[in-house]
J.: 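One structure is given below, represented as structure tokens, and several questions about it will come after.
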Amino acid sequence: MNATTQSLTNGLSIKNGCKAQVVNEEVATYDSNGSLLRTETIIDYTKRNILNEFANLNFFEKEWKSKKRKKEIIDMFKEKGIDLFALKEQQNMQDIDIYDFMCHLAFNKKTLTRKERANHVKKKDFFSKYGDKAREVLEALLERYINYNITEIEDLKILDNDPFRKFGSKKAIVNLFGSKDGYLLAVKELEDLIYEAA
């Protein structure tokens, strides 16, 4: 078992006491008595788990967009032993958004890169409604999204790091948006625009 695969699923529990174990990039699922139920590739296993949670693309899109933090969905799969980011990297899809990766796996949807999604946002009249400093913060968040992933911009802790330090303390940054709620609303709006691109 290689290290990457091991990090994807390793002895995870499944419903009704069943266990799954990764062996040579295949997932073996055992019942509570230890009898083998099935083996499948890690990709098929992940696809099946996505489809078990989200029956169709419309339902997945609705759930994804309704979550205040996309990390909730990613963590739900992590609890099943699926590290979507590691799997995405293993598939050489590092520049693809995690949302697109999941849509591609489960629903055969065409993928967009994070940069393509960010370029879509830049074409919108989103930033102009904010003051100069607030706009710079949002542009920096979008750049962070391009280079990393959506979960990066959801966490307020990001404001403690560069390039945000130049704007002052976390409190000073959220005050650029009127309040913490104003900041969070702006980030949510930014995310909504990111996922508006088809």
J.: Apply side chain to side chain contact (heavy atoms under 4.5 Å, CB included) to I98 and list each qualifying residue two or more places apart in sequence or on a separate chain.
T.: W64, I74, L84, F85, K88, F101, I150
J.: If you apply the rule salt bridge (Lys or Arg N to Asp or Glu O under 4.0 Å), what do you find for E189 with K124, and how did you get there?
T.: CA-CA 12 Å; E189 225 179 314; K124 299 292 182 177; over 6 Å; no
J.: Measuring from E139:CD to L190:CG, what's the distance to the nearest 0.5 Å?
T.: 10.5 Å
J.: Can you check whether I158's main-chain N or O pairs, donor with acceptor, with D155's side chain at less than 3.5 Å?
T.: no
J.: Apply side-chain hydrogen bond (donor to acceptor under 3.5 Å, both in side chains) to S128 and list each qualifying residue two or more places apart in sequence or on a separate chain.
T.: D125
J.: Of all residues at least two apart in sequence or in a different chain, which pass the salt bridge (charged side-chain N to carboxylate O under 4.0 Å, His left out) check with E72?
T.: K67
J.: Can you list the residues that meet the side-chain hydrogen bond (donor to acceptor under 3.5 Å, both in side chains) rule with D44, with sequence neighbours excluded?
T.: T41
J.: For D132, what residues pass the salt bridge (charged side-chain N to carboxylate O under 4.0 Å, His left out) criterion, not counting sequence neighbours?
T.: R135
J.: Who are the salt bridge (charged side-chain N to carboxylate O under 4.0 Å, His left out) partners of K71, not counting sequence neighbours?
T.: D75
J.: Not counting sequence neighbours, which residues clear side-chain hydrogen bond (donor to acceptor under 3.5 Å, both in side chains) with K65? List them please.
T.: none
J.: By salt bridge (charged side-chain N to carboxylate O under 4.0 Å, His left out), which residues pair with D160, not counting sequence neighbours?
T.: K170
J.: According to side-chain hydrogen bond (donor to acceptor under 3.5 Å, both in side chains), who are the partners of E89, at least two apart in sequence or on a separate chain?
T.: none
J.: Filter on ring-ring contact (aromatic ring centres under 6.0 Å, His included), then keep only pairs touching residues 139-164, sequence neighbours left out; what's left?
T.: none
J.: Between R114 and E152 (salt bridge meaning N to carboxylate O under 4.0 Å), is one present in this structure?
T.: no
J.: Using side chain to side chain contact (heavy atoms under 4.5 Å, CB included) as the criterion, list what pairs up with K123, not counting sequence neighbours.
T.: none
J.: Does F177 have any ring-ring contact (aromatic ring centres under 6.0 Å, His included) partners at least two apart in sequence or in another chain, and if so, which?
T.: Y130, Y183
J.: So with a 6.0 Å cut-off around NZ of K68, is the heavy-atom count from everything else above 12?
T.: no
